[in-house]
Amino acid sequence: MFGNLFEEEGEEGVSSASSKRRSAKGGDEPPPPRGRSNLCGIKNQGGTCYLNSLLQTLLFTPEFREELFSLGPDELGCLEEKDKPGSKVRVIPLELQRLFASLLLVDQQSASTADLTESFGWNSTEGTNQHDVQELNRILFSALEHSLVGTSGSTFIQRLYHGTIVNSIVCKECGNVSQRQEDFLDLTVCVCGVSSLEEALWNMFVEEELFEGNNLYRCAQCNRLVTAAKSAKLKKLPPFMTMSLLRFSFDFAKCERYKETGRYSFPLTMNLRPFCEQNDGDDADYAYELFSVIIHKGGCYGGHYHVYIRDIDHVGQWEPPEEDCKPKTQKKVKEVVKEVCEPKLQTDDPLSVITAIVAQEPSKTVLVDQLGQKLLDRIGLSWNKKFRKHYGPIGKFLQSHSDVFMLVSSGTRVALKANPPSPMTEPTVPLEQSITPDLSTALDPGAAELPEKEQGSHWFDLNDSTVTSIRESDIEKQFQGKESAYMLFYRKTQLHRPREALNNPQYKVPIHLIEMAQEENVKLQQMRENFEATNNTVELHLHLAPCYRLENGALQPAKKEQNGSTTLSFDRRKTVGDLRLAIYQMQELWEGDMALTVAKSLPAGLHLYNTLTDDNVTLYSAGINTNSDLFVWNGREVCGATILTGAEWEPVLLTVVRPFLGEDEEHEAGDRVACEEHQGGFENGGPGLKKEARGFAGGATLGEVKEALGEPKESLLCQEHKGKNKEAQGLGEGGGASGWRVFPPDDMHRTLKELSLKDGDALLVLEPQSFDSSVFTFNEDVVTVTTPSDCRWLQVEFQPNTGGEEEKREERRKIKVPAKGNMLLYEVKQRAIEELQLQEEPPGAQYCLRQVDCTGKLLPPVCEELSVRDAGVRLMTTLTLCPGNAPKASQLFLHFSVGAAPSAGMEMDIIIDKTCTVKECLKTMLDAVKLDGTCWHLRRLDWCEEVGEPLMDEHASLSELKINSGETLVVTEGKLPPKGFLKLSVWLCVILKPWKQILVTLRVATLNEQMLGLETAGETQILSPLCASNTAKLKSVGQVEISDEATLEDLKTQVLTLHALQNVCMPTIAFMRLWQLEGWKLARILRGQQLTLRKLKLTSGTDLCVQQLLKEEDLGPKEVMLHIRMGVPGERFYYPPEELVWDASRDSSPRSLRTCLAAHYGLSPDTLLLAKHRPDKHIWEEISNWSQQISKKKKKKRAESLLGAPFHLKDGDTIGVKNLLIDNNRDFITLEDEQGQQRLREQAEQQRKGGQAVVSEGPGLQKKAGQTKSRKPEVALSINVGVFR
C-alpha cells in the first residue's frame, strides 16, 4: 500500500529500560521479568513497531488465539523437521503459536519476533524497514490462509474477519436493480472532510450516489443511458470488524503527501443496523464494542506505531494510572480500604513505613536495592537522613526485625513473614479486588458493581517492550493530532468468554507449548539466579595480622617483598559469620579470637576503621563491596602493639625536612630511613636540605610528633609557607629562597587533623645549632631558607642565529654569572654580554634572556625589569642569551603563523602590549608578514597543537582573553564566523561488507534498475577504509546550522530532519551513531546526549558522519566501541568483524577487555590472545596478559590502562583475537598487512632517493546546485509461504 513510507521516529519505539539496568560481570544480563502489568511486550527489531502492534491485537483476540492453538502438530508438522527435504512444515502458524505461548506464559519483559520474521522470509534489512500496518494485516492473513490450506483451520480467518458488501444500482426509469457482492477483510473509511466514524459509515452505506447529467448509467433493461442511484450496504457482518482510517492523503496542488490530523471521533460501542441490507434482527446482532486501537505517531514520512488494547480475559494486572483520574466512588472505596487493610502510616516509625511499602507491592516483595528509593518516594526523606543515626544501615535493620521481615530470592528481596511470596510466578490481584464481598457491599450500595466496572476498563498501552495501564477515557486523546488512531478493531458484543478463561493465560494453550514455556521459565530463573550470584560476588582483600607490623603510625608489611594480602571471592548476600567461618577454614593454624575490621590502604600504610561485630548482618548491609580491604586479627594488638582504629586516627604521611650544613650532618642524615636529597620539591635544592617520609597518626599532637622524631624541646617545627602575599614577605618563587612558618607553642597540643596537615605536607625541623647559620633568617614567626653562597650563580649560554664557525664555538661560549635573588635580570644580561665580549657586535644589536624547558625548547624571553626571584628563575640554572628584544612587564611575547599550525621552529614572533585588542594584534601580524585585506581572523592552538577556536570578540584585549606570553596564534583566512553558531557538514556512512551476500528477487532488481535514474550525478561519494575488511561509502547529505549551546540530542534531532535521510530508517535518535570525521576517517563517536556542542569541542566546518544502527545505543563516557575479529584457526585471515561495546569505566586493564571478549565468545579468558591493529603501519600490537606500572607518588602497583599509553584504545579500533585452544598461530599479520608494509617500504625508498611518493587522492568534492537527493524506491511488503496444496 504505502511501502516503507512510515519510518519510526518516536522515542517510544523501543524501551530503553534494559539499557539502563546495571551491567553484568559474568556475561549478558538475562531478560528482566514482567512488570507490574504482568503482560509481555515485544522487542522492536529496528522498524517492526507496526508488526508488534498487530501481533498484540491478534494475541488479545481470544477467538483468533484459540483457533490457532487448536491446530496440532499432526496438521502443522514440527519445526524440528522444517529443514528435512520433502517435509511440508507450516512454519508461519507454528512460529505464531510459539510466540503467542511465550507472550502468555514466559516470565520476561518482552519477547522476540526474530523467528517469526525469519519464517516470513525476511532478511535483517526487512526488520529495519517500516511498512503500513493495514497492508501487513492483509498480507499476514493471506499468508496464514495459504499456510493452513488442507487443515481444519483453513477457514477460520474467513469466519472471523471476512464480511460481505452488496453494491446496488437502481434505475430511476424502470426501477431495475443491478447488484454485485464483494468480500472485505477490513473497511477503509474516509477521514478527510469527515468528523467521526459514524458520519463516514453513513456516507458509505446510507447516502446514495446519483448518476445524472453528463454521468449517466446504461441500464441493461432500458438499453440506454438513464438516471440511476448507486448505494452500498453491509450484507454479512463478521464477528470482528476492522476499520482502517485513511489518515494519509495526497495534495495534487503541492504534489506531496500529508497526514490528516484533524479531530475524528469513534465510539466505544456502535450499532451497525442502519448500514445493513437486512435490519430486522435483534440489536445484539448488530452491536459491536471496541477492543483495540492501533495508533500512529508522526508524519507521513516517519512515525511510530503502538496499540491500545482491552484485555478481554483479564490476563494482565490492571492498575489505575493516576489517582486524580479515579471516580469519586472508587476514591471512597480506596480510602475505606486503606483504613481497614492498612494501619495509619507513622512516618517516624521505620518499621511501619517499610511494612506498608512491602505490603502494597503487587508481588508482596521489594528488591533490597530499591527499598531506599521507594522509602524516599513515600516519605520524602532517605533512610540515611531519617533513620540511619538511630537504627543503623537499612540492611541491618531488616536483619534485626527477622520476626517481621524475611529475605527471599537469595537475599535480594525482602517480604513480610505474614505474606511469603509464592515460588511460582503468578498474577497478583489488586488491593481493591482482595476485599471481601461483605465489606465492599457494606461500604456503598453501588460499590459492589464498581470492581466489575473497573475490570471492564481493562485497557493497556502496548508500546513495543513497554506495557502500561491506561483508562478508557485516554482513547479520546487519540481522536486528533500527530499521534492519532489509525486502525480500529471491534468485536461483536454477543461474543462472551467462558468463566474459566478469565485470569487464566493457559486456557486452551496446547500442553506441549505449556511445557515449553515452563522449561523456558526454569531456564530464565536459573539465568537470573546465576546472574545475581555473579553480580553479588565480590573480591575481598584479606590482610592477615601476622604479616604486618606497626610502623610510623600505620600497618606495614613485615617483609618488604611480601604484599601481605590474600584475595577471596565471596557472595555479599552471605553474612559476616559465614565469611568468618570461611576464613577459619582457610587459616587452619589460626588460634584464638578472630576480628574482621574494614581497612584502607593510605599513603602512610594500612589503617583500620570499623570492626564487623554482628555475625547475622549480610556483607551487603555492612557496606562491604568488591575490592574492600579486611584486616584479620585478634581485635586488640598486632605483634604486641596496640592499634588505634577509626577515621580520627588516620595516619598522615609527612615529609620531614632537616638542614644539611656539613659533612657530619651528611653522615648523620645518611643513616636515616628513606632519606634522600631534595630536588625540586622546595626552593633550595641540592646541599641545602634533606628530607625523609614519616607517617604519624592523625590524632597525634604536634608535641608527640616532635618526641617521635627524637628532637629536643628547644627545636622548632615549621610548616612550608603558603601565604598569598609572598612579595610582602620577600618570599618569591625563584632566587633560591623559601619561606617557612614556625608553629607557635599552642599548636604543640593540637592534633595533625586539627592543624589540617595532609599527606605530602612538609615539616621543617630546626635544631638549636642551626639557628646561627647564615642559611636561615628569622623574621618573627617566618623562617627564610637561603641557598648557601657557593650556590649563588646563573649560567648564561650564548646562542646566535648564524651557523658555521659560530656553532663550533658554542660550547666555549658559556659563562657563570654571580647572582642573587634580588638581582635584576637586566644586570645579569649586561654582565653576560661583557664577559662574552659581545660589545664588539654591530651597534644597536639587541639581546634577551630566555629559559629552556626540559625538552630543550626555548621559552619566551624573561622580563628584564624583574629580579631573579620575582621572575621565578632558580639559581644554578641555565639561561640562553639570544638576539632579539625582551618584553616589558606590560607586554606579551607571542608566536604566530599564517594559515596552519606552525611546525617546530617555523613560527614567527611578535611583542605587543597586553592592552592591545584582537583586531589591533591581527593588523600588527598582517603588517609583519606584509599581508592586507579584511578576510582574516585569529585562532588559538588547542592542547594537541592543532588550530582551535577563533577569537570571537575582536574588540576584547589580549589580557581579557587571558592570552599569556609564549602562546601561539594562527592567522586564518576567511571572515570571522558568527558568534556561537556552527555550520557542520553531514555525511552518511554506508558500510560495504564484501562477505555479505545480498539476494534480490527479479521483481525488486527490475524496480531498482528503473529507479537508478534517481541517483544524482553530482552527489559526492568517497570510499574510505574505516576498519579491516570494511569500506565505507560516504555520501553528503547536507549541512546543519546550529548554536554551539545546543545539546548533542538537539544536533541529532536536527540531522534526522535532513531531507536526504528521510529514506534511511532511524526510528529515533537512539538508532543513530554520530561520528566526527578527521581526514575522511571516523575519529570519535559523539556521546553524552545532554552535553553542549561547545563542551564536545565541535567547531564550525567540522565534518560529521551518520551511521545507522539496528538497535538503540547510548554510550557512556568510558564505553569504547571496538571492531573485534576472531582469527580463522590455522589461517592468515579473520572472520568478519563484529562490533563490541566495552565498558572501561570501572576497569580499563587488559584483563577487563579479555574478560569481556571471553563472555562474548563463550570462551575462557586465559585461552585468548589479543592484539590491536595499526592500519597506518599495517602492524598488530599484541596486548599482554597482565602488565603493571608503578605510581611514583604512592609507590603502588596499578594495572595498566588500555585507554592510555601505549595502546590508546578508542572508538573504531580493531582488536584481533586468537583462540589458543584451537589455533597455534600466534602471528596476527595477514597477507594484506604484508602487502601494505611492502608499499610503505617502497614509498620510503622513493622518498630517500628524492622521488615523490605516490599518493592516492579521493575524487574531488563536487556539488551541483539545485539537485536534491530523491527518495529510494518503495519496496512492497511480502511474506513468503510454501505450497501446501
From CA spacing to verdict: salt bridge (Lys or Arg N to Asp or Glu O under 4.0 Å), K1111, E1139: CA-CA 12 Å; K1111 61 180 181 180; E1139 285 189 358; over 6 Å; no
Is any side-chain heavy atom of [X] less than 4.5 Å from a side-chain heavy atom of [Y]?
X: F531; Y: E29; value: yes
X: S1149; Y: R1154; value: no
X: I1215; Y: L1209; value: yes
X: R1226; Y: E1182; value: yes
X: L1051; Y: L1104; value: yes
X: L1109; Y: M1072; value: no
X: L1061; Y: L1056; value: no
X: W987; Y: K1035; value: no

Does the side chain of E1119 come under 3.5 Å of the side chain of W1142 through a donor N or O and an acceptor N or O? no
On a heavy-atom basis, which atom in [X] and which in [Y] lie closest, and how many Å separate them?
X: P1067; Y: G46; value: CG-O, 2.8 Å
X: C1156; Y: L1140; value: SG-CD2, 4.0 Å
X: S1164; Y: T1167; value: O-OG1, 2.7 Å
X: L1048; Y: G1088; value: CB-O, 3.6 Å
X: H1178; Y: I1229; value: O-CD1, 4.0 Å
X: E539; Y: T626; value: N-OG1, 3.3 Å

How far does [atom1] of [X] sit from [atom2] of [Y], to the nearest 0.5 angstrom?
X: E532; Y: R528; atom1: CD; atom2: CZ; value: 10.0 Å
X: M1066; Y: R1073; atom1: CE; atom2: CZ; value: 12.5 Å
X: C989; Y: L1074; atom1: SG; atom2: CG; value: 11.5 Å
X: D1176; Y: K1081; atom1: CG; atom2: NZ; value: 7.0 Å
X: L1082; Y: W1075; atom1: CG; atom2: CH2; value: 5.0 Å
X: T1155; Y: D1166; atom1: OG1; atom2: CG; value: 9.0 Å

If you draw a 6.0 Å radius around CG in N1224, do more than 12 non-hydrogen atoms from other residues or ligands fall strictly inside? no
So for atom CD, which belongs to Q1076, do other residues, nucleotides or ligands contribute more than 12 heavy atoms lying within a distance under 6.0 Å? yes
Using modelled atom types only, decide if a donor and an acceptor are shared between the side chain of [X] and the backbone of [Y] within a distance under 3.5 Å.
X: S1152; Y: D1147; value: yes
X: T537; Y: A533; value: yes
X: N530; Y: Q526; value: yes
X: E1131; Y: G1127; value: no

Would you sort out whether E1112 and F1071 count as a side-chain contact (heavy atoms from CB on, under 4.5 Å), showing the intermediate values? CA-CA 5 Å; E1112 286 183 324; F1071 289 87; 3.6 Å; yes
Could you check Q1039 against S985 for side-chain hydrogen bond (donor to acceptor under 3.5 Å, both in side chains), going step by step and ending with a plain yes or no? CA-CA 4 Å; Q1039 290 185 328; S985 299; 3.3 Å; yes
Derivation and outcome, side-chain contact (heavy atoms from CB on, under 4.5 Å), residues Q1237 and K1177: CA-CA 7 Å; Q1237 292 176 3; K1177 297 183 179 179; over 6 Å; no
Working note: I42 + S110, criterion side-chain contact (heavy atoms from CB on, under 4.5 Å); need CA distance, chi angles, decisive distance, verdict. CA-CA 5 Å; I42 302 178; S110 57; 5.9 Å; no
Side chain to side chain contact (heavy atoms under 4.5 Å, CB included) filter on S112, not counting sequence neighbours, yields K43, A114
Suppose we screen for side chain to side chain donor-acceptor pair (under 3.5 Å). Which residues come up paired with T113, at least two apart in sequence or across chains? Q45
D1233: which of R1174, H1173, Q1238 passes side-chain hydrogen bond (donor to acceptor under 3.5 Å, both in side chains): H1173
Given H1160, H1123, R1125, the one that forms side-chain hydrogen bond (donor to acceptor under 3.5 Å, both in side chains) with E1138: H1160
Under the criterion side-chain contact (heavy atoms from CB on, under 4.5 Å), I'd like the reasoning laid out for V1120 against L1115: C-alpha separation, chi angles, the key distance, then a yes or no. CA-CA 8 Å; V1120 187; L1115 296 180; over 6 Å; no
Can you list the residues that meet the salt bridge (Lys or Arg N to Asp or Glu O under 4.0 Å) rule with D1211, with sequence neighbours excluded? R1087
Test salt bridge (Lys or Arg N to Asp or Glu O under 4.0 Å) on R1132 and E1234; report intermediate values, then the result. CA-CA 11 Å; R1132 298 186 64 186; E1234 289 184 350; 2.4 Å; yes
For the residue pair Y1134 and W1180, is the inter-centroid distance of their aromatic rings smaller than 6.0 Å? yes
CA sep, side-chain torsions, deciding dist, call: Q108, S102, side-chain hydrogen bond (donor to acceptor under 3.5 Å, both in side chains): CA-CA 9 Å; Q108 58 184 356; S102 177; 3.2 Å; yes
Are the charged groups of D1213 and K1172 less than 4.0 angstrom apart, N to O? yes
Cation-pi geometry met for K1218 and F1228 (6.0 Å, 45°): yes
